[in-house]
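Everything below concerns the one structure shown next.
Sequence positions, counted from 1, serve as the residue numbers for this chain. All figures in this text were calculated on a predicted structure; none of them were measured in a lab.
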Amino acid sequence: MSKTVRPMRTAPLVDGGHTATGVGVGIALAFACLAILGVMPVISNSRPAGFDALSFAVFLSLWQVVVVLPLVVGELIAGRPGIFAASLGRQQRNRTIATIIGTGAMFGLSTLLYVLTAERSGAVAMALAIQAYPLFAMLWERIFLHRGKSLAELVFTALLIGALVYLATSGTWRIAGLSLWFLLAVAIPFLWSVAHVIIKEEIGATPISPLQITFFRVAVSAVFLAAIMLAADGPGRLLDDALNGPYQEVAALMGAVYGLELVLWFYAVRTIDVSLASSITVPAPALTMVLAVLFLGETIKAYQVAAMAIVFIAIYGLLIAGNRRRRREASARTPD
C-alpha cells in the first residue's frame with residue numbers, strides 16, 4: 001500500500017527571504033524601540049535635582065552593563081562564543097581592540113551629550129535633534145561608498161535641513177535666535193553615525209555578535225565616563241551618588257530601557273530591513289512631546305510642532321525615495 005508523503009509545513013516567506021513570523025516579530029521589536037526611544041528623554045529629565053549630567057551618564061552606563069552582561073553570558077552558555085572563540089591575527093586583533101575602545105568612547109560622549117542636552121534644551125528639542133541621523137548617514141555613504149542620491153532624496157534632504165535650522169533658531173530663522181544647546185544635541189547623531197561606520201568597516205569581518213558589540217560599547221562607555229568623573233570630582237562624589245537610593249532608581253531605569261533598546265534594535269534588524277525599522281521609530285519625538293507635557297510640565301511651542309511635522313515628512317520621504325532608488329539600481333544590475 002502506498003503511503004502518502006505530506007510536505008513539511010513551513011512558515012510563509014515574504015520579500016527578502018524572511019518568514020512572515022520573523023517579519024512580524026521584527027516589526028513588534030521595532031515598535032518596542034519606538035516606545036523606548038520616546039520615553040528615554042523623559043526618564044533622563046526625571047532624575048532628582050542636584051545630580052549633574054556627567055554623573056547620570058556614568059551610572060546609566062553602568063546599569064546598561066548590568067542589563068546586557070547576563071545576555072552575553074547566556075549567549076556563551078548556548079554555544080555561541082562569537083568573538084571570544086575567534087582566531088584573529090595580531091594586526092586584526094589590535095584593530096578590533098582599538099575600534100572597540102575608540103567607538104566606545106564616542107558612544108560614551110554621545111551618552112553624556114544626550115543627558116546634558118535633554119536637560120538644557122528640553123526633552124522634545126533633543127529628541128528632534130536626533131532625527132538628523134539620516135543626514136550624517138547619507139554624508140558618510142557619499143564620502144566612503146561613493147553612493148549617489150536621487151533628485152527626490154536631495155529634495156527631502158534639503159527639507160530636513162531646513163526643518164532643523166528652523167528648530168535651531170527657535171522658529172525665527174535668525175542667527176540671534178540660534179540655540180547652541182540644540183546644535184550640541186545634533187552632535188549626538190553625528191557621533192553615532194561616525195561610530196557606526198567605523199564598527200561596520202573594522203568589525204564587520206569578525207564573528208562578533210550584536211550582543212557582544214552592545215556589551216563592549218556600554219562597558220567602554222561606562223569606564224570612559226567614570227574616568228572623566230573621577231578626574232573632575234574625585235572618588236567621593238562618585239561614591240556618594242552611587243549610594244543615593246532614589247537617584248540610582250532613576251539611573252537604573254534609564255540604563256535598563258536604554259540597554260534593552262540597543263538589544264531589541266539589533267534583533268529587529270536581523271528579521272526586517274533597517275529602512276522599515278527606521279520608519280517605525282520615526283514618530284518617537286511625538287511620543288516624547290506628549291510625555292514631556294504630562295510628566296515634566298514642558299511647554300510645547302508651535303514652531304516645534306510645525307518642525308516636527310516637516311521632519312517626519314522629510315525622513316519618510318528619504319526612506320521611500322531611497323528604497324525606490326535601490327530597487328532601480330538592483331534591477332539595472334540584474335541581467336534579463
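Residue I77 is grouped with residue L69 when hydrophobic side chains (ILVMFWY) are merged at heavy-atom distances under 4.5 angstrom, including chains of intermediate members. In the hydrophobic clustering of ILVMFWY residues, with side-chain heavy atoms under 4.5 Å counting as a link, L230 and L62 come out together. Linking ILVMFWY residues whenever their side-chain heavy atoms come closer than 4.5 Å, directly or via other members, leaves L154 and L139 in distinct clusters. Clustering ILVMFWY residues whenever any of their side-chain heavy atoms sit less than 4.5 angstrom apart, transitively, puts V67 in a cluster other than the one holding I36. Residues I320 and L159 do not share a hydrophobic cluster, defined by chaining ILVMFWY side chains whose heavy atoms lie under 4.5 Å apart.
Among all heavy-atom pairs drawn from P48 and V250, the shortest one is CD-CG2, 4.1 Å. Of all the heavy atoms in S44 and A118, the pair that sits closest is OG-CB, 4.4 Å. Shown here for P81 and L76, the closest heavy-atom pair between the two residues is CA-CD2, 3.5 Å. Of all heavy-atom pairs spanning T206 and T96, the tightest one is CG2-OG1, 4.0 Å. W173 and G162 make their closest contact through CH2-O, 3.4 Å (heavy atoms, listed as atom of the first residue, atom of the second, distance). Annotation for W192 and I130: closest pair CZ3-CG2, 3.4 Å, computed over non-hydrogen atoms.
Between D233 atom CG and L239 atom CG the span is 13.0 Å, to the nearest 0.5 Å. Within the model, atoms CD1 of I315 and CZ of F156 stand 12.0 Å from one another, a figure rounded to the nearest 0.5 Å. Here the straight-line distance linking atom CD1 of I100 with atom CD1 of I208 works out to 4.5 Å at 0.5 Å rounding. For the atom pair CG (L71) and CG (L211), the distance works out to 5.5 Å, reported to the nearest 0.5 Å. To the nearest 0.5 Å, atom OG of residue S150 and atom CG of residue L318 are 9.0 Å apart. Separating the OH atom in Y267 from the CG atom in L262 is a distance of 12.5 Å, to the nearest 0.5 Å.
Put simply, the side chain of T157 does not reach to within 4.5 Å of the side chain of K149, judged on heavy atoms. Put simply, the side chain of P285 reaches to within 4.5 Å of the side chain of Q131, judged on heavy atoms. Contact check for I199 versus F107: side-chain heavy atoms found under the 4.5 Å cut-off. Between I198 and M106, some side-chain heavy-atom pair lies under the 4.5 Å cut-off. Residues M254 and Y114 meet the side-chain proximity criterion, which asks for heavy atoms closer than 4.5 Å. Residues L180 and L183 are in side-chain contact: their nearest non-hydrogen atoms beyond the backbone lie under 4.5 Å apart. Residues F295 and N45 fail the side-chain proximity criterion, which asks for heavy atoms closer than 4.5 Å. Between M308 and V124 there is no side-chain heavy-atom pair separated by less than 4.5 Å.
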Please walk me through it: do T169 and I175 pass side-chain contact (heavy atoms from CB on, under 4.5 Å)? CA-CA 7 Å; T169 57; I175 296 297; 5.7 Å; no
S209 vs R80, side-chain contact (heavy atoms from CB on, under 4.5 Å): CA-CA, chis, key distance, verdict: CA-CA 9 Å; S209 73; R80 298 190 297 273; over 6 Å; no
After noting the C-alpha distance and the side-chain angles of I188 and T117, does the key distance pass the side-chain contact (heavy atoms from CB on, under 4.5 Å) rule? CA-CA 9 Å; I188 299 170; T117 56; 3.6 Å; yes
Go through it in stages, so that I can follow the logic: the residues are Y133 and H196, the test is side-chain contact (heavy atoms from CB on, under 4.5 Å), and I'd like the CA-CA distance, side-chain angles, deciding distance and then a yes or no. CA-CA 11 Å; Y133 184 91; H196 289 156; 2.8 Å; yes
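A side chain to side chain donor-acceptor pair (under 3.5 Å) check over residues 283-302, counting only residues at least two apart or in different chains, returns nothing. Within the structure, side chain to side chain donor-acceptor pair (under 3.5 Å) contacts touching residues 245-265 (residues at least two apart or in different chains) are S55-Y247, W63-Q248.
Listed for the S170 side chain is a donor-acceptor partner under 3.5 Å among the backbone atoms of G177.
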Pair up each side-chain donor or acceptor in residues 214-226 with any protein partner under 3.5 Å, not counting sequence neighbours, and list the distances.
from	atom 1	to	atom 2	distance (Å)
T214	OG1	P210	O	2.9
S221	OG	G104	O	2.9
S221	OG	G108	N	3.2
S221	OG	R217	O	2.8

